[in-house]
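So you know, we letter chains A, B, ... as the sequences are listed, proteins then strands, and number each from 1.
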Amino acid sequence: MALNLFRYASPASFYPAAQRMARWFAVAAAVFAVAGLWVGLIKAPTDATQGDSYRIIFIHVPAAWMSMFIYLVMALWSALALGYNTRLSSMMAQALAPTGALMTFVALVTGAFWGRPTWGTYWAWDARMTSELILLFLYFGVIALRNAIDDPRRADRACAVLTIVGAVNIPIIYFSVKWWNTLHQGATISMTAAPKMASIMLTGLVLMSLAAWAYSIAAALARVTSVIIERERGALWLSQLPEMRRSVAA
Amino acid sequence: MSEFFSMGGHAYYVWMSYGLTAIALAVEVAMLLARHRRVLREARIAEPDVSITTRSALDPGSLA
């Protein structure tokens, strides 16, 4: 029999699955991060032109990728929420926003600390950096909009519309280095060409990217369990959870 | 070892990047754990009366 994915569209059946998966992805994130840091900070040699400042790449690039990818996933959940009116889709979108904002913040901050020794400035209003800053404000906007609306179902719809409209910024970030003459360099790694970097550095980057992926999934799933408890409060299945009865055992 | 920490003269930029990222992630994890504890506590308070009666019968000392 095929796995019935729609079973997991119900918060009651998704809750225990999310909790289990969050733990596994957290462990995976830790393992990948330790391996990636070891390769990136110890095994990979010093860069011939940039010296050791290039090692910021191992956080900057995975964080920047995640900042855009999380937004796309959030937009996808928002579209599903609007199309099917499924509560869990909105809860997933809601759970992704803070982690997306965090990844955007990390990408901007590490970019500044990489820009200073490499370009001589912490910040420039170039297309890549400005559009990434707008992404941070979009995440803040979605979070603020949700907090501003009391009725969760109305907040779901408003946030979904804002998220989907804001998604236009993602291709702008991604292609900004091609469309405009930016201080930020073009892509070193693309789907269509061989990566233009040493393989040991690429290994470190891949490991750190896997860590960022696993961390983001773990954080979003952990957050969605809290969102489910908040929004399903009073439901019978919730009152039967073992963690709800913890005070009895204690 | 000191060569490792000096990062070829770029210690400030490299370690600020790694350090601030570590702090940001630690803050998010702490907020996630705190939120989970808080929503569980609030949900226990908001629980249907029947289970509160059951629990207080089992453990008369605490309703929290």
Side-chain angles (χ1 to χ4, degrees), chain A residues 19 22 26 29 33 37 40-42 46-47 50-60 63 98-99 101-103 105-107 109-118 215 218-219 222-223 225-236 238-241 243-250, chain B:
Chain A
Q19 220 169 22
L37 289 172
L41 293 177
I42 295 162
T46 303
D47 186 75
Q50 294 190 30
D52 282 311
S53 66
Y54 93 92
R55 292 182 199 277
I56 294 169
I57 197 176
F58 298 113
I59 334 179
H60 177 72
T99 301
L102 177 94
M103 288 294 163
F105 172 77
V106 167
V109 167
T110 56
F113 280 108
W114 196 4
R116 180 66 198 170
T118 326
Y215 173 84
R223 188 174 291 107
T225 59
S226 293
V227 170
I228 289 174
I229 295 171
E230 267 173 9
R231 292 183 52 170
E232 297 288 290
R233 191 187 292 170
L236 185 62
L238 192 61
S239 63
Q240 288 164 344
L241 283 179
E243 51 265 55
M244 288 287 288
R245 276 179 267 124
R246 194 174 292 159
S247 56
V248 182
Chain B
M1 203 62 188
S2 73
E3 200 186 326
F4 171 72
F5 286 111
S6 75
M7 281 288 158
H10 287 136
Y12 175 71
Y13 305 107
V14 173
W15 295 123
M16 276 303 268
S17 296
Y18 278 82
L20 289 174
T21 304
I23 291 170
L25 294 182
V27 167
E28 185 182 33
V29 170
M31 284 173 72
L32 279 170
L33 295 174
R35 181 172 184 181
H36 202 74
R37 276 195 304 274
R38 177 172 53 82
V39 296
L40 272 176
R41 192 173 58 236
E42 286 170 359
R44 282 196 205 103
I45 295 167
E47 229 185 303
D49 288 347
V50 61
S51 51
I52 290 176
T53 326
T54 324
R55 272 203 273 128
S56 54
L58 285 168
D59 182 16
S62 94
L63 271 175

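Neither the backbone nor the side chain of A:E232 comes within contact range of chain B; no heavy atoms are under 4.5 Å apart. A:Y54 does not touch chain B: none of its heavy atoms, backbone or side chain, sits under 4.5 Å away. B:L25 touches chain A through backbone and side chain together, each having a heavy atom under 4.5 Å away. Using a 4.5 Å cut-off between heavy atoms, B:R38 contacts chain A through its side chain alone, with no backbone atom that close.
The heavy-atom pair separating A:E243 from B:R44 by the smallest distance is O-NH2, 2.9 Å. Residues B:H10 and A:Q50 approach most closely at CE1-O, 3.4 Å, considering heavy atoms. When all heavy atoms of A:V106 and B:A24 are compared, the closest pair comes out as CG2-CB, 4.3 Å. Taking every heavy atom of both residues into account, A:I56 and B:Y13 meet most closely at CD1-O, 3.7 Å. Scanning both residues, B:A43 and A:L238, for their nearest heavy atoms gives CB-CD2, 4.5 Å. In terms of heavy-atom proximity, A:S53 sits nearest to B:V14 at CA-CG2, 3.9 Å.
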- Pair A:F105-B:L20, side chain to side chain contact (heavy atoms under 4.5 Å, CB included): steps then yes or no: CA-CA 10 Å; A:F105 172 77; B:L20 289 174; 5.8 Å; no

- Task: Begin from the C-alpha positions of A:Q19 and B:H36 and carry the test side chain to side chain contact (heavy atoms under 4.5 Å, CB included) through to its verdict.
- Result: CA-CA 11 Å; A:Q19 220 169 22; B:H36 202 74; 4.0 Å; yes

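With B:Y18 contributing its side chain and A:R55 its backbone, the two residues share a donor-acceptor pair below 3.5 Å. For B:R35 (side chain) and A:V227 (main-chain N/O), no donor-acceptor pair under 3.5 Å exists by modelled atom type.
Using a 4.5 Å cut-off on side-chain heavy atoms (C-beta onward), A:V109 and B:M16 make no contact. The shortest distance between side-chain heavy atoms of A:R223 and B:E28 falls below 4.5 Å. Side-chain atoms of B:M7 and A:L41, non-hydrogen and from C-beta on, do get closer than 4.5 Å to each other.
Most heavy-atom pairs under 4.5 Å with chain B: of the set A:A112, A:P117, A:A219, A:G51, this distinction falls to A:P117.
Interatomic distance, B:E3 CD to A:D52 CG, rounded to the nearest 0.5 Å: 8.5 Å.
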